[in-house]
Every structure is written in C-alpha cells, then in structure tokens.
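Notes for the one structure printed next.
A note on names: the letters A, B, ... follow the listed sequences, proteins ahead of strands, and every chain is numbered from 1. The model shown is predicted, which means the values in this text are computed figures rather than measured ones.
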Number of protein chains: 2
Amino acid sequence: MEEKLIPDIVVGRLPLYLRALQHMTNEGRQVTSSQELGERLGISAAQIRKDLSQFGEFGKQGTGYHIDFLQDQIRKILKVDRVWSVAVVGAGDIGSAVAAYQGFANRGFQVTMLFDNSPAKIGKKIGNFTVLDIATLEETIRKEGIQVAMITVPADQAQAVADLLVKAGVKAILNYAPLSLNVPSEVRVQNTDPATHLQRMTYYLD
Amino acid sequence: MEEKLIPDIVVGRLPLYLRALQHMTNEGRQVTSSQELGERLGISAAQIRKDLSQFGEFGKQGTGYHIDFLQDQIRKILKVDRVWSVAVVGAGDIGSAVAAYQGFANRGFQVTMLFDNSPAKIGKKIGNFTVLDIATLEETIRKEGIQVAMITVPADQAQAVADLLVKAGVKAILNYAPLSLNVPSEVRVQNTDPATHLQRMTYYLD
DNA sequence: TAGATTGTTAATCGATTAACAATC
DNA sequence: TAGATTGTTAATCGATTAACAATC
C-alpha cells in the first residue's frame, strides 16, 4: 500500500510541521496556510506545499489548511496516532532526565522502562521507574514488543547496547552517546550529541 | 581571510569527522583514509575528500591522512582549538544533566554558568554549579563575553530566554525546548527535541 | 465576483558520485 | 617499480523554488 518512495528529508520535516500545528491549536487557531507555517518555521511556502502533496491533498484553494485535520493526517503518516512504548537504556543523568521528560505526552511516546547495568542502581527508584537490570533487557523488550529505544549510556558501552537492542527487536534508536552506531539497515538511528551540535555552530563565530 | 563560501551541510559533517578521528586516536591509530572514515560514518569516501578539499589539502596520495594532523586542522576550522564558555539556562532535569555532562571535555566547550528563574533553585548547588538568577543573565553573560548557550527551559519560556540571550550577545544557541526559535540571522540555532527525532523514525515502523 | 491559496509542473539550483590524472 | 589514495573535474542525481492554472 506504500505507493511512492518519499525522500527521508521530507519525512524529517513532517515532525516540524506537526509541532507548529500543535502550537497553533494551543493558541486556539483553526486555519493556517503554507505561507504562515513557512514563516514560523523558516521554510518556504512552496516547500511545505510540495512536501504535503507527497501524501495527499490536505488543503483548500483560497482557504489554506484546517489545523486539526492536517494534524490528524500528519499524525497518521508519521504513525504517531498511537502511543509507542519506549525503553531507555542508561540511568545516568541524561537517561534519568529523558525518562522523566514531560514532553512526550501527546506526541506519540511513553517511556515505560529504564535499564542500567550498575548494581548500585538496579532495583532502585529513579523518578517513577524502578531501574531494570540490563541483563533482562533482551527478554523484556522482546516480550513487550518494544520497537523504540534511547541509548543514554557512556560512549564505550553504546555499541554493545545497540547490538543488544537490535537483537531484542528494536527498530528505532535515539542515540545520545557521542559516536556513530553500526546497525543493520532495517534499524533507524537518530543521533543527538550536544558537542557535535555546538561544533557545528562555532565555525561561524569569531 | 574567509575566501570561499562553504555550504552549511559540509560544515555540519566536520564535527562527525572530528569525532571519528578522536575515536581513532584513542585506539592508538596514526593514519586513516577517506574510505575507512567513510565506512565508519556511513558516508562515501568521495564526499569526505570533497568536503575536506574545501578547506585545504590535508592528505597524501597513496597514504591517506595523518589522524593527529587532520584532527588539528578540523579543530582549527571549526574553531574548537580553544575552549568556549557555555551558559545553560534552565536548571531542571535536562539542564542539570547537560551542565554535568562529561562529554564536553576535549571537544571545545565548558559549561561555566547555570541559570534559573525559580526562587527555590537560585543560590542552591546543582552539581558543581550554584544556580544563578536569570535576572542577572544579561549582565553576567555580557561581562564574561559568553557567545554560546543552551536553552533547557519549558517551551513556553524558551522564546523569552532566547531574546534575552541574544540581547546579551550570545551568537550560538543549542535549543532543547520543543519549538522553533525566532532569532536574528547572525545568531545560529541548533535544535534537539527528542520527540521530533523519534517521530522522524516511526514513519518507517509498522 | 474578487481575492486568496492550493497542488503541480517546469526551471533552477545545489549536492553527491564517478572517474582519473597526479603522485606518494 | 607497483599499489594505493589523494584532490579535482565533469556527470549525475536530487532538492528547492518559481510560476500559474484551478478553484474555494
């Protein structure tokens, strides 16, 4: 049923559109246009229309887009019209922070497990989570059918954790460790490394 | 002295090259090639050579690149051959975690200040930091000449904080709040929103 | 109707890759 | 020397933008 091949760069912009639309809903807005969306996001109106047109016709000439309707459509496209269970591996500062993060609500995700390998942490409470033993990760994740995980362990353990997650059936990994993970091509990885992000900006400073 | 205009997408890959080279150094390696780097990073060898050639000739035919030398060159290009002072605004879970993050060492950054607006936090110790009053932000950042900051406040306060940082002279912002910031064109922003990253991957799941 | 804005096509622009002479 | 790998050019590929007929 997936007819067309959509460029990944287009898929990558949809979450930004969705976020802006949710923001507009919070402001009590009903209708928007490609131009307004573009101004908010720093993206051209033509590009937004082109991106959306890959998936269907969601607007009306002369009027624009109904915000609620477009939101629903993008949620379906991105498959965040449901709640994905997320496992967090690594109960350090970052892992604890993302496990407690309030920002996943209404965006399609709920952290349901927090793993670590440290005997000092296993079994202890961190926020609402009881830290689980990483030795039980594969079995637990497979049993629950979890497909989404975040890696928040130190760099030297991240690849081993990734291997374990892949073995357990995880198909999408958000990696906070500062290195490039090696995974099979059917597994998606997104990296978020604060030093890398900052280094990308210092080039432009004096 | 900046002769050529370098595409931002090229600048964005340099931190990845640098990270891989640092990793190789840790493994005790001396020499690498565009092919090896490419395999590690999932980038074509041709692209790596092309990217590097924008800045100079760093390799030798038949041999490849001296890792230490190339690292030094990229550090200079990215201006991380020095240590940038970084201000963190927002002393919640995420702000506290990035303020304590060990991964900035040797990558050009040191968090030196942690701000918040909550009377319950101001003056208290969080890790090695005494939380500073956001009311003093502009003056303090300007006096110290800080150009790099991270925003880790809730979404509804992020734009106001960004405005304040820009007024204080900050030129590079790493934004953890889930919204698009509006800043003048001379200020760089990088966004990192876990829900957005995850939504970019669920499209490919079943 | 007049004005606004979509969806789409064609044109432009930019990025990636392939190929190879140069040379270590 | 023979083999390897660079830096660079030209070709290819893909993404963005401009423009406009369709139509609400």
Describe, in one word, how the ring planes of A:H197 and B:H197 are oriented to each other, choosing from parallel (under 30°), tilted (30 to 60°) and perpendicular (over 60°).
->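 The arrangement is tilted - the two ring planes meet at 30° to 60°.
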
Judged by nearest nucleotide, the residue sitting upstream toward the 5' end of DNA chain D, A:D8 or A:R49, is A:D8

Between A:P7 and B:A46, which has a closest nucleotide on DNA chain D that is more 5'?
-> B:A46

Hey, is the main chain of A:R49 close enough, under 3.5 Å, to the side chain of A:S34 for a donor-acceptor pair?
->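 Judged by distance alone, no pair lies under 3.5 Å.
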
Side-chain donor/acceptor of B:S85 to backbone N/O of B:I146, under 3.5 Å =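 Checked: no pair found.
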
Decide, yes or no, whether a salt bridge links B:D206 with A:K79 under the criterion of side-chain N to carboxylate O below 4.0 Å.
->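 A:K79 and B:D206: not salt-bridged.
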
Comparing A:T63 and A:S53 on DNA chain C - which has the more 5′ nearest nucleotide |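 Whichever sits nearer the 5' end wins; that is A:T63.
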
Does a sphere of radius 6.0 Å around CG in B:N128 hold more than 12 heavy atoms from other residues, nucleotides or ligands, not counting ones at 6.0 Å or beyond?
-> no

Roughly how far, to the nearest 0.5 Å, is OH of A:Y176 from OG1 of A:T192?
->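 Answer rounded to 0.5 Å: 5.5 Å.
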
Mind checking who C:dC13 pairs with, Watson-Crick or G-U wobble, both distances under 3.5 Å?
-> D:dG14

Which one is paired to C:dT23, where only Watson-Crick or G-U wobble pairs with both distances under 3.5 angstrom count?
->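 D:dA4 - that is the nucleotide pairing with C:dT23, both distances being under 3.5 Å.
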
What are the bounds, 5' to 3', of the part of DNA chain D that sits under 4.0 Å from heavy atoms of chain A?
->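 Here the contact window of chain A covers D:dA15 to D:dC24.
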
